[in-house]
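Everything below concerns the one structure shown next.
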Amino acid sequence: MERTLILLKPDAVQRGLSGQILARFEQKGLKIAAMKLMNISPDLAAKHYEAHKERPFYPGLVKFMTSSPVVALVLEGIDAIAVCRNLMGKTNARESAPGTIRGDFGMSRSYNLVHGSDGPEAATREIGLFFPEGVVSFDYAAFNWIYDPVEELKK
């Protein structure tokens, strides 16, 4: 099973979309391994977005991400990173396909509702930043109805 960090950004929280967005991930078959409502500190935002520090949009991004609470999630499942990124849609919400989170709820490149880890290394790093206390491990009974073990073992 793979884990990924998902952030429901300030615009998602302020627009009252957290439940609908979370439902999309759960309905797809992803397991919630950690979740919390939190304010991102300037220090945490700086660490999280340090790769973008020299980019012109960085100050605005940090200001936006620290402006209001976010819902931080760790989701788990087979190919969770790719699955989540497909559910989210393109970064520019206006270009996102209908049926994706951004395609259905967004109109902006900047205010695009969700962040998802872009690879396994980023996921490990980001989960450590947002959940230093760790995640919850448990047997998720739904996986028995989501994944065909014979099919998955062939991969």
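As the structure is a computational prediction, the values presented were derived from the model and not from experiment.
The local environment of OH in Tyr111 is sparse, with at most 12 non-hydrogen atoms from other residues, nucleotides or ligands closer than 6.0 Å. Within 6.0 Å of atom CG in Asn144, more than 12 heavy atoms from other residues, nucleotides or ligands are found, so the atom counts as buried in its surroundings. Within a 6.0 Å radius of CD in Glu54, no more than 12 heavy atoms belonging to other residues, nucleotides or ligands are found.
The main-chain N or O of Ile101 is never found under 3.5 Å from a side-chain atom of Asp104 such that the two would form a donor-acceptor pair. Panel note: side chain Arg3, backbone Glu76; no donor-acceptor pair is recorded below 3.5 Å. Formation of a donor-acceptor pair under 3.5 Å by the Tyr49 side chain with backbone atoms of Val62 is not found in this model. The closest donor-acceptor contact from the side chain of Ser117 to the backbone of Thr4 lies at 3.5 Å or more, if one exists at all. Side-chain N or O atoms of Arg15 include one that pairs as donor or acceptor with a backbone N or O of Phe105 at under 3.5 Å.
Ring-plane geometry between His48 and Phe130 is classed as perpendicular, the angle between the planes exceeding 60 degrees on a 0 to 90 degree scale with a lower cut at 30.
Looking at Lys36 and Glu133, a side-chain N of the basic residue comes within less than 4.0 Å of a carboxylate O on the acidic one, giving a salt bridge.
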Under 3.5 Å donor-acceptor pairs involving side-chain atoms of residues 82-94, not counting sequence neighbours:
residue : atom : partner : partner atom : Å
Arg85   : NH1  : Gly116  : O            : 2.9
Asn86   : ND2  : Ala82   : O            : 3.3
Asn92   : OD1  : Arg94   : N            : 3.1
Arg94   : NH1  : Met107  : O            : 2.5

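Residues Leu44 and Met65 have side chains not in contact (no heavy-atom distance under 4.5 Å, counting atoms from C-beta outward). Looking at heavy atoms from C-beta onward, Lys9 lies in side-chain contact with Asn112 at the 4.5 angstrom threshold.
In this structure, CE in Met1 is found 5.0 Å from OH in Tyr147, a value given to the nearest 0.5 Å. Between atom CG of residue Leu17 and atom CG of residue Leu22 there is a gap of 12.0 Å, rounded to the nearest 0.5 Å. Atom CG of Leu8 sits about 5.0 Å away from atom CG of Leu73, to the nearest 0.5 Å.
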